[in-house]
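Just so you know, these numbers come straight off a predicted model, no measurement behind them. Numbers for residues simply follow the sequence, beginning at 1.
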Amino acid sequence: MKLHRLFYIIALLVLFSCTSTRNLYESKRYDDVIEILTKKSKTATLNDEELTMLKMSYHEANERDHDKIMELKKSGEPDIWGKVYNLYNRMDRRQNLMSRQSADIKKAINYKTLNLDEEIAAAKNKTELYICAKVNALLEDPDNNNTASADSLVNQLIKINPHNSNIDALKIRTVLSSANSIVFRVAAFNNIEMPKDYANTVLDFHGNLIGNKPYDVTLSNDKSYDLMIRVLIEESAISPERIDAVTFKESKDNLTATVTDKTITKTATVKGKIEYIDLSEDMTIISTPFNITSTFKYNFAEISGDKSACSEQTLRLLNNDSIGFPTDEALLKDTGRKLNKTLQNILFEQL
């Protein structure tokens, strides 16, 4: 009796499954049909009705998407490419599902490979170009609605291509556009010692506006800030002082000189990140790493023998006086000047 009941339950489940799939097909939910039947094919044999539904769903879904793509392209509107890109991707995902089916199923549904790579790449590129242009246009008039729309578009761009070279600049623009009052800070990890005036060097800007947004380089108790741009020094290193010397002989008109060509080098490296912190939420919105290097390199020569035997290149080096190495502080200050230029390029020139 229990065995009969089990067979009855299984039969009901099979009947329900077939009816459910048929209902999806009749509702033109073709991708749902494909999803169900391609999964089922891994563990069971599809019957004739299921093979027919799979075949029709696959081809009708592709035809529907292709027609929609052609319709969008004919419109000539600049904002179509995100939709076109999504449709091509849907066709490609559908094709990938079918490509993993058995040879018998592929034959039964008349499966043929669609070469979509070039179309997907072209639509993706045009989508990225449109998003970048649209974000820039929205931020020309940065009210709350436009800023929110721009931020949403930047998030779309990140999903489409997280390596797009415009993402950082666009994210920074949207963050700055939503800010009302900005304060800069320079900070270093506790074990890192920097020159006393390093922060002043890094934050040596002209004026007090980024676009049309006011900023301060020191905290004012009379103001309420909603955005902090913090330069965080995480690592500072000074290389050993290095002297490279090459000794050789030069001769001319029976005269000889022994030349020692010396190059002295010393490098300072500062690493960290530029953080954009929403002060109202106490949350870091963007964190951009930096790696700034200042290298001192000086070349001079010393000789023993007759100067008249020397080449023109050696004579030029002899005009360079022998000098000592710069101090650690001097090199670190130079990294501060370079970091200042980096910030100005990001915040005042590109935006």
Side-chain angles (χ1 to χ4, degrees), residues 168-169 172 182-210 215-220 228-248 259-277 284 286-304 307 310 312-351:
D168 284 348
I172 292 169
I182 304 165
V183 63
F184 281 89
R185 297 297 301 272
V186 176
F189 283 176
N190 291 336
N191 60 335
I192 297 175
E193 291 187 11
M194 303 299 288
K196 290 182 180 180
D197 57 349
Y198 191 78
N200 292 335
T201 302
V202 172
L203 303 180
D204 184 17
F205 306 134
H206 299 290
N208 63 345
L209 293 175
I210 302 174
Y215 72 84
D216 290 326
V217 294
T218 56
L219 282 168
S220 172
M228 176 187 290
I229 301 175
R230 181 171 66 178
V231 179
L232 181 61
I233 310 296
E234 298 177 308
E235 183 179 338
S236 174
I238 305 292
S239 74
E241 297 177 349
R242 178 172 173 174
I243 303 176
D244 294 310
V246 179
T247 300
F248 54 91
V259 181
T260 302
D261 186 335
K262 292 185 176 182
T263 302
I264 64 175
T265 55
K266 183 177 178 179
T267 298
T269 301
V270 174
K271 298 179 182 180
K273 55 193 175 186
I274 303 169
E275 299 177 313
Y276 301 79
I277 303 169
T284 300
I286 305 171
S287 181
T288 304
F290 65 81
N291 185 340
I292 304 292
T293 298
S294 176
T295 299
F296 172 81
K297 185 175 183 179
Y298 186 75
N299 191 207
F300 63 98
E302 297 173 346
I303 68 166
S304 62
K307 185 175 180 181
C310 295
E312 289 186 10
Q313 180 179 349
T314 297
L315 291 173
R316 284 195 296 270
L317 290 176
L318 287 172
N319 290 327
N320 294 341
D321 295 330
S322 174
I323 63 173
F325 289 94
T327 63
D328 294 356
E329 183 172 308
L331 279 175
L332 286 171
K333 282 185 179 179
D334 192 54
T335 67
R337 286 187 285 270
K338 289 184 176 181
L339 189 48
N340 172 266
K341 288 181 180 179
T342 297
L343 285 168
Q344 293 207 44
N345 184 52
I346 293 172
L347 300 171
F348 299 96
E349 295 178 22
Q350 288 188 7
L351 305 182

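- K341 places none of its side-chain heavy atoms less than 4.5 Å from the side chain of Q344.
- Using a 4.5 Å cut-off on side-chain heavy atoms (C-beta onward), N291 and E235 make no contact.
- Residues S287 and P289 share a closest heavy-atom pair of O-CD, 3.9 Å.
- To the nearest 0.5 Å, the span separating CD1 on I277 from CZ on R230 amounts to 4.0 Å.
- Atoms NZ and OG1, from K266 and T295 in turn, are 12.0 Å apart once rounded to the nearest 0.5 Å.
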Would L317 and K262 count as a side-chain contact (heavy atoms from CB on, under 4.5 Å) if you check the C-alpha gap in whole Å, the side-chain angles of each, and the deciding distance to 0.1 Å?
CA-CA 9 Å; L317 290 176; K262 292 185 176 182; over 6 Å; no
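- Looking only at atom types and distance, the side chain of Y276 has no donor-acceptor partner in the side chain of T288 under 3.5 Å away.
- The two residues C310 and V259 come nearest to each other via the heavy atoms SG-CG2, 4.3 Å.
- The shortest distance between side-chain heavy atoms of F296 and I264 falls below 4.5 Å.
- In plain terms, the two heavy atoms of L209 and Y215 that are nearest each other are N-CE2, 3.2 Å.
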Begin from the C-alpha positions of I210 and F348 and carry the test side-chain contact (heavy atoms from CB on, under 4.5 Å) through to its verdict.
CA-CA 6 Å; I210 302 174; F348 299 96; 3.7 Å; yes
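- The closest side-chain heavy-atom distance from I274 to I346 is below 4.5 Å.
- Taking CG of L315 as the start and CD of E312 as the end, the distance is 7.5 Å to the nearest 0.5 Å.
- Taking a cutoff of 4.0 Å between a charged side-chain nitrogen and a carboxylate oxygen, D204 and R337 do not qualify as a salt bridge.
- Taking 4.0 Å as the cut-off between side-chain N and carboxylate O, K271 and E234 do not count as a salt-bridged pair.
- Side-chain contact check for M194 versus V186: every heavy-atom pair is 4.5 Å or farther apart.
- Closest approach of D216 and S220 over heavy atoms only: OD2-CB, 4.3 Å.
- If you run side chain to side chain contact (heavy atoms under 4.5 Å, CB included) between K333 and each of P195, S294, P326, only P195 comes through.
- Nearest heavy-atom pair across F325 and T265 is CE2-O, 3.5 Å.
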Intermediate values then yes/no, side-chain contact (heavy atoms from CB on, under 4.5 Å), N340 and F205
CA-CA 8 Å; N340 172 266; F205 306 134; 3.4 Å; yes
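- Annotation for A245 and T260: closest pair CB-CG2, 4.1 Å, computed over non-hydrogen atoms.
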CA sep, side-chain torsions, deciding dist, call: K338, D334, side-chain contact (heavy atoms from CB on, under 4.5 Å)
CA-CA 6 Å; K338 289 184 176 181; D334 192 54; 3.6 Å; yes
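- In this structure, CG on D328 lies 4.5 Å from CD1 on I238, to the nearest 0.5 angstrom.
- Y298 places no side-chain N or O within donor-acceptor distance of the main-chain N or O of G324, the cut-off being under 3.5 Å.
- Side-chain contact between K307 and T314: absent, with no pair of heavy atoms (C-beta onward) separated by less than 4.5 Å.
- The distance from atom CD1 of I233 to atom CG of L339, rounded to the nearest 0.5 Å, is 6.0 Å.
- I323 places none of its side-chain heavy atoms less than 4.5 Å from the side chain of F300.
- With hydrogens and angles ignored, the 3.5 Å screen pairs no side-chain donor or acceptor of Y198 with any backbone N or O of E193.
- Here T247 contributes atom OG1 and I303 contributes atom CD1; the two are 12.5 Å apart, rounded to the nearest 0.5 Å.
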